[in-house]
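Structure record follows, encoded as structure tokens.
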Amino acid sequence: MQNIVSQVPKPQNERVRAYAPQDTDTLLLKKELGELTSRPVEITPVIDGKPVFTGKLSSLICPHNVSTQLGTFHEAGATEVERAVQGALKAAPGWGQTPPAERAAIFLKAAELISEKYRYRLNAATMLGQSKTCHQAEIDSACELIDFLRFNPYFQSQLYQIQPESGPGLWNRTEYRPLEGYVFAVTPFNFTAIAGNLPASAALMGNVVLWKPASTAVYSGHFVLKILEEAGLPPGVIQFLPGSGRSVGDPALKNRNLAGVHFTGSTGVFQAMWKTVGNSISEYRSYPRIVGETGGKDFVFVHPSADTSVAVTALLRGAFEYQGQKCSAASRAYIPQSLWPTIREELVAEMKTIKVGDVSDFSCFMGAVIDLKSFENIREYIETARKSADSQVIQGGGCNAERGFFVEPTLIETTNPHARTMVEEIFGPVLTVYVYPDSEFEETLRLCDSTSPYALTGCILAQDRSAVSKATELLTQSAGNFYINNKPTGAVVGQQPFGGARGSGTNDKAGSLYNLVRWTSLRTISETFHPPTNYRYPFLG
């Protein structure tokens, strides 16, 4: 034990690198892309720090070039889950008693490793495995993940300083214990940063974790784990279990030692997991903490006073960056009649300039969607709109899976504010616009609030301050992250804690102190310096 009260360095957000054509960063990233493409990997579950070869193999491919094999991974199953649980429980006492500063140091070091030594490798892995452009990979697998790893230890130190008052002759303390059991972290394909943060944030607070990455993001997850191990993460603290939801998820959720679920993914999967936990509630040692960020049907609401160039930029970036595969992506827009002709003309013209293709070509604004299932799902939504009497595809809509899973940026206009593409999450580069009468601003705000079951992100674009105030008021429950005069994507760790309610999750705000407290079980310790020696109170005379 060290006789020191450590102060975690106050973090600053990692600088986003530009990757301009002749930058050194660009040359180094392209070199790493070439090296990874030429070196297929064999990825395994990692239990107690050791690889486990199950023999049940799945392929790792580039979504934008399906002929490129990045390698294979061994799928975990019930046997590996049981081994991982036992190994995690064995590691739990030692890890939970490790001083907070020592735990924090591991994740702070991991941030430094990503910032310099492994920046290009992790970005390249994210580009190849998840079809992100160099910019989207940079803001995700470099900057956001680094920010999580730096800010969370700082938030941890702030949390531990929140202590109760002590009366005369008393010393009251709050201990932030890890949960009793293990946390099951289930992470998505679309953000390497989220995939790293969900297990790491729980582990930072002293918990042991079973980590099941999305099968379409095992490649980048493998590199994240290697970085954490190099930073000093002890064996057994984070058990890496790639595999199907049924093979890994079912046994992990039904084990009596489940202490928490940290999830990002689809609403349907999260609800099914919650039902599994509910059906097993009498079997657990403790009531599991359930934290989830799920879907979104995120909106851009344009007021007649808005700057049209701001609106067009917000719609283009919000809807089509990373192929619309962000839970925060702009998917529906409400635009006043007076501005729609100008916005439509500019929007269509700009959409025609968007280049879609192999992300190793740095002139591409968009890559491919993640897999064939997603491709077919998006195409079906577009075809439904084509056949609808109240909707029309006014730009894009092309889909081609010959080389990769490519979907053009697509703009739909509808006269039905409850059209399917205005209500349901598509998770692709499809934006639907509903044009409203200028005089019905407040009525349309209420329509926006009631249309979707989700409440993740949204924005108001207006120069009229009273319109901003009215939208902020009427859309109070419509978005956990609400933006004024900006697109509804791009939350920055430490600046905009992220999460939504309703069908979008439990709103526990990743990238903040509020999320970390969910991975603790508080114990109040009260010490009396002058304990009573007689049971009789004064009122007894």
Side-chain angles (χ1 to χ4, degrees), residues 1-11 88-109 148-183 199-209 232-234 236-238 256-262 281 284-291 494 497 506-541:
M1 184 71 70
Q2 296 177 336
N3 295 318
I4 184 173
V5 177
S6 301
Q7 289 187 333
V8 175
K10 188 173 182 179
L89 295 178
K90 186 176 180 180
W95 180 243
Q97 293 166 15
T98 300
E102 297 298 318
R103 298 199 303 265
I106 293 169
F107 298 102
L108 291 171
K109 182 175 181 180
F148 276 131
L149 295 170
R150 286 179 178 158
F151 275 84
N152 281 342
Y154 184 71
F155 295 141
Q156 177 206 50
S157 67
Q158 290 182 318
L159 179 62
Y160 287 166
Q161 291 174 33
I162 300 174
Q163 293 293 321
E165 297 294 325
S166 297
L170 292 176
W171 184 15
N172 296 323
R173 290 161 277 172
T174 295
E175 179 187 6
Y176 294 86
R177 304 174 297 181
L179 306 181
E180 189 176 17
Y182 62 86
V183 173
S201 56
L204 172 69
M205 305 310 291
N207 296 282
V208 290
V209 182
L233 186 74
V237 173
I238 295 179
R256 71 180 300 268
N257 294 290
L258 178 71
V261 174
H262 206 186
I281 199 69
Y284 298 122
R285 177 178 292 180
S286 303
Y287 294 113
R289 304 288 174 87
I290 305 178
V291 173
T506 58
N507 201 19
D508 285 292
K509 296 301 183 191
S512 76
L513 176 151
Y514 310 110
N515 182 277
L516 297 185
V517 75
R518 296 285 280 151
W519 310 117
T520 65
S521 176
L522 277 59
R523 178 169 70 151
T524 298
I525 301 172
S526 182
E527 184 171 355
T528 303
F529 296 125
H530 303 290
T533 57
N534 191 311
Y535 86 90
R536 296 175 180 82
Y537 293 99
F539 79 88
L540 293 173

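One is the number of the first residue; the rest follow in order along the sequence.
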(message) Holding to side chain to side chain contact (heavy atoms under 4.5 Å, CB included), I want the full list of residues that pass it with A203, two or more places apart in sequence or in another chain.
(response) W95, F107, V209, V237, I238

(message) Once rounded to the nearest 0.5 Å, what's the spacing between atom OG1 of T520 and atom CG of L179?
(response) 7.0 Å

(request) Output the distance between atom CH2 (W519) and atom CE (M205), rounded to the nearest 0.5 Å. (result) 11.0 Å

(message) Treating N172 as the side-chain partner and E165 as the backbone partner, does any N or O pair qualify as donor plus acceptor under 3.5 Å?
(response) yes

(message) Show the nearest heavy-atom pair for residues R103 and G206, with the distance to one decimal.
(response) NE-N, 3.5 Å

(message) Donor-acceptor pair, distance only, cut-off 3.5 Å: does the side chain of R285 make one with the backbone of N257?
(response) no

(message) R523: which residues meet the salt bridge (Lys or Arg N to Asp or Glu O under 4.0 Å) condition with it, sequence neighbours left out?
(response) E175

(message) Taking S201's backbone N and O only, do any of them form a donor-acceptor pair with N152's side chain (distance below 3.5 Å, no angle check)?
(response) no

(message) Can you confirm whether Y514 is buried at OH, in the sense that more than 12 heavy atoms of other residues, nucleotides or ligands lie under 6.0 Å from that atom?
(response) no

(message) For the OG1 atom of T174 and the CD atom of Q163, what is their distance to the nearest 0.5 Å?
(response) 5.0 Å

(request) With rounding to the nearest 0.5 Å, note down the distance linking CD in Q158 to OG in S512. (result) 10.5 Å

(request) Any chance you could measure N534, atom CG, to L540, atom CG, to the nearest 0.5 Å? (result) 9.5 Å

(request) Give a yes or no on whether the backbone of L159 and the side-chain of Y176 come within a donor-acceptor separation of less than 3.5 Å. (result) yes

(message) For a 4.5 angstrom cut-off between non-hydrogen side-chain atoms, does I281 reach P288?
(response) yes

(message) Does any part of the side chain of N515, heavy atoms only, come nearer than 4.5 Å to the side chain of P497, both counted from C-beta?
(response) no

(message) Under a 3.5 Å distance rule, please check whether R518 uses its side chain to pair with a backbone N or O of R289 as donor and acceptor.
(response) no

(request) Over 60° means perpendicular and under 30° means parallel, so classify the ring planes of F151 and F155, tilted if in between. (result) tilted

(message) Is it true that, when you exclude F529 itself, more than 12 heavy atoms of the residues, nucleotides or ligands shown sit nearer than 6.0 Å to its CZ?
(response) yes

(request) With sequence neighbours excluded, tell me which residues meet ring-ring contact (aromatic ring centres under 6.0 Å, His included) with Y284. (result) none

